[in-house]
Amino acid sequence: MRLTGAQILIQTLIEQGVDTVFGFPGGYVVDIFDALYDRAGELRLIVPAHEQGGTHAADGYARVSGKTGVMIATSGPGATNLVTGIANAFMDSVPLVCVTGNVPLKPVNMMGRDSFQEIDIRGVTLPVTKHSYLVTDTAELADTVREAFVIAHSGRPGPVLIDIPKDVAAESCEYNSPGRFVPRPRKPVSEDKLRRAAELLRQSERPLLFCGGGVVAANASGALAALAERLGIPVAASLMGLTALPAGHPLFLGMIGMHGTPAANMAGGRCDLLLGVGTRFSDRVAGDRRRFAPNAKIIHIDIDPSEFDKNVICDLSVEGDAKAALEQLSPLVPAPGPAAWLSEIAAFKARRPMPEGTAARYLQAIRAAAGADAVIVTDVGQHQMWTAQYYPFTQPRGLVTSGGLGAMGFGLGAAIGAKAAAPRRTVVLVTGDGSFSMNLTELAAAVTEDLPVIAVILNNGVLGMVRQWQKMFHNNRCSGTETRRATDYVKVAEAFGAEGFRVDTAEAFGAVFGRALASGRTCVIDCRVGPDEMVFPMIPPGMSGKDILYE
Ligand SMILES: Cc1ncc(C[n+]2csc(CCOP(=O)(O)OP(=O)(O)O)c2C)c(N)n1
């Protein structure tokens, strides 16, 4: 069968099981959009307001569905608008395939001549992609797409870029049916290393399990809970690992690190063995990586061996898929020992509960009304940390947040993608006035694409998280962080065809949120939070758990 490159691209996407793509048109992807037009019944096209929003949407879609997200953009500015989204997916290990158009190679080669809207997007994104391709021959396109999907979702997932010159998309060639690219079989986890890990756990009096985003990505939550329960040991999580155990689990201590709970950080400081799974031990977890878990031997399980000894030196590294490793480790470990360690943590927890301000009350009200099944998406700042601290997550993949890149403006696009992945679930974006202002044009996409999400703005009238640092570490000199108090978010919502609400107190929030839920429409709820409400506890940057500040 002879097909154009564009038709081959769409055919191979469908072959890969893709049923939803995000894309924004342009001159050098017009053939691809033309091919999409014919397959609209099989492949839903969601058009964002801005390519950045589209990449974040593909990312949110991937995180919630567990599938690979796809974003298509034109050359030049379309392609450069993807960069933040690609970098975000790279830092959080989210599988994406991003397709860009480029200037033609034939009949007159326009590449390398500063042609209109020509950008070497491979060069630009090289440090933030797992792999990238410039396709120069239509005959290679199908296998390129197949290989790109294998690379994006196998091993440690991440973004892959396929740059397609216009003539390669327009030309026809013989299309070969699938079959060549199947994922390589997973490397087995070393039994010897798992036995040594079990032995270290046997010798430990104060063990701590620490899970990162890799546990969620590997769908290893059940295996994690089984191991923790079998050993009777406490579990702390990074921001990315938060949903791995339900918040109410008796062994769960919450988030560890810069804005982690007192109990998790105390356990990190006191433990004599730390078993880290699917984590890069980033600086938000280990501010001073030389003094992280200072009394502990460290076992590190990760699918990506380049993480071993990168930030934290480990005593034992175990390469492998988190789920397989945890499942194989469970039968080797001893039954729970004396519970003195758990009692010590419980006593500490009682002495040092989490402080709770207005933001905590908003989050508890969201949880009460939205239910356990809701997907919570955040932007970046204080509201993100409050969500991590106070929202009781009960389901893996129930939180979509920009962990590694910390990209303000991520949230609304990601929420739209989350809704596309799970249309029957309630999707709530918890955002700040600063982050929301960055990409609020995506309200247009939420409304026109009929992907209703509820955006709750914890509006403190300031760029709160940076202002907090200025107040704490820069002598209260709040340079450039008191902005945009004048924006009327109710009117903004209405202008985009969404519904807007304003809430002045946390007490009034529950009823308004209920109305937003019942409306079934895209809603924006503008909520007051005092400009001086801070995120605590806090371990100042570059410090260790002993330097924790409670107020
Ligand atoms: C794209 C981008 N620019 C700048 C920053 C630096 N930054 C981190 S948090 C923050 C403040 C966020 O303000 P807002 O969204 O209102 O949330 P709040 O902290 O007030 O809850 C800023 C400016 C960032 N993370 N991302």
Side-chain angles (χ1 to χ4, degrees), residues 50-53 55-56 59 80-92 128 239-240 257-259 282-284 356-363 366 376-391 399-415 428-443 455-474 477-489 492 503 506 509 524-536 538 540-541:
H50 183 294
E51 290 91 347
Q52 181 185 347
T55 327
H56 292 324
D59 176 316
T80 53
N81 277 349
L82 301 184
V83 174
T84 300
I86 293 175
N88 190 73
F90 186 73
M91 300 268 303
D92 285 349
V128 289
L239 174 66
M240 292 295 295
M258 182 176 278
H259 290 297
S282 88
D283 61 295
R284 299 292 123 146
E356 289 193 11
T358 319
R361 293 210 294 282
Y362 281 117
L363 289 155
I366 294 173
I376 303 299
V377 184
T378 81
D379 261 300
V380 172
Q382 290 180 313
H383 61 275
Q384 178 189 31
M385 291 299 109
W386 286 322
T387 306
Q389 291 177 327
Y390 301 114
Y391 197 89
L399 169 65
V400 176
T401 194
S402 171
L405 192 64
M408 289 171 71
F410 167 76
L412 186 54
V428 182
L429 166 66
V430 181
T431 181
D433 46 317
S435 294
F436 190 66
S437 294
M438 281 199 169
N439 277 337
L440 55 74
T441 44
E442 294 306 336
L443 282 173
V456 176
I457 307 175
L458 298 184
N459 187 347
N460 47 14
V462 291
L463 300 173
M465 185 56 97
V466 176
R467 192 167 179 269
Q468 173 165 345
W469 285 43
Q470 291 171 329
K471 292 182 78 172
M472 291 176 71
F473 312 121
H474 292 269
R477 290 151 61 88
C478 296
S479 173
T481 49
E482 290 188 35
T483 49
R484 281 185 278 280
R485 272 176 193 282
T487 309
D488 183 335
Y489 292 103
V492 167
V503 167
F509 175 76
V524 177
I525 311 178
D526 181 13
C527 309
R528 305 300 95 200
V529 174
D532 295 316
E533 193 157 328
M534 302 249 237
V535 184
F536 283 112
M538 179 174 193

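Counting starts at 1 for both ligands and their atoms, in listed order. What's counted below: heavy atoms across the whole structure, side chains too, no hydrogens, waters or symmetry copies. Because the structure is a prediction, the values reported are computed rather than measured.
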With heavy atoms of Asp433 as the reference, note each atom of ligand 1 found under 4.0 Å away. 16 (O)
Exercise: do Thr378 and Thr387 side chains pair donor with acceptor under 3.5 Å: no
Closer than 3.5 angstrom, by distance alone: can the side chain of Thr401 be matched with the main-chain N or O of Gly403 as a donor-acceptor pair? no
Validation row: Met408, Leu463 side chains within 4.5 angstrom (heavy atoms): yes
For Gly432, the ligand 1 atoms whose distance to one of its heavy atoms is below 4.0 Å: 14 (P), 15 (O), 16 (O), 17 (O)
Does Gly434, backbone or side chain, put an N or O under 3.5 Å from an N or O of ligand 1? yes
Supply the atom-to-atom distance Met538 CE to Met472 CE, rounded to the nearest 0.5 angstrom. 5.0 Å
Any side-chain to backbone donor/acceptor pair from Asn439 onto Gly409? Under 3.5 Å, distance only. yes
Quick one: do the Gln382 and Glu533 side chains pair a donor with an acceptor below 3.5 Å? no
Roughly how far, to the nearest 0.5 Å, is the CG atom of Asp433 from the CD1 atom of Ile457? 7.5 Å
Near Ser435 (heavy-atom distance under 4.0 Å), the atoms of ligand 1 are 14 (P), 15 (O)
Judged by non-hydrogen atoms, does Leu458 sit under 4.0 Å from ligand 1? no
Does the residue Gly409 have a heavy-atom contact with ligand 1, meaning some pair of atoms that are separated by less than 4.0 Å? no
Would you say Gly464 and ligand 1 have an N/O pair spaced under 3.5 Å apart? yes
Number the atoms of ligand 1 from 1 as they appear, then name those within less than 4.0 Å of a heavy atom of Met465, with their elements. 9 (S), 19 (O)
Can you tell me the protein heavy atom closest to atom 17 (O) of ligand 1 and the distance? His383 ND1, 3.2 Å
At under 4.0 Å between heavy atoms, which part of Val462 makes contact with ligand 1: side chain, backbone, both or neither? backbone
Going by the closest heavy atom to atom 4 (C) of ligand 1, which one wins out of Arg467, Met408, Glu533? Met408
Run the numbers for me: atoms of ligand 1, each under 4.0 Å from some heavy atom of Gly381, listed by number. 9 (S), 19 (O)
Between Glu356 and Arg361 (salt bridge meaning N to carboxylate O under 4.0 Å), is one present in this structure? no
Less than 4.0 Å is my threshold; does some heavy atom of Val380 fall inside it relative to ligand 1? yes
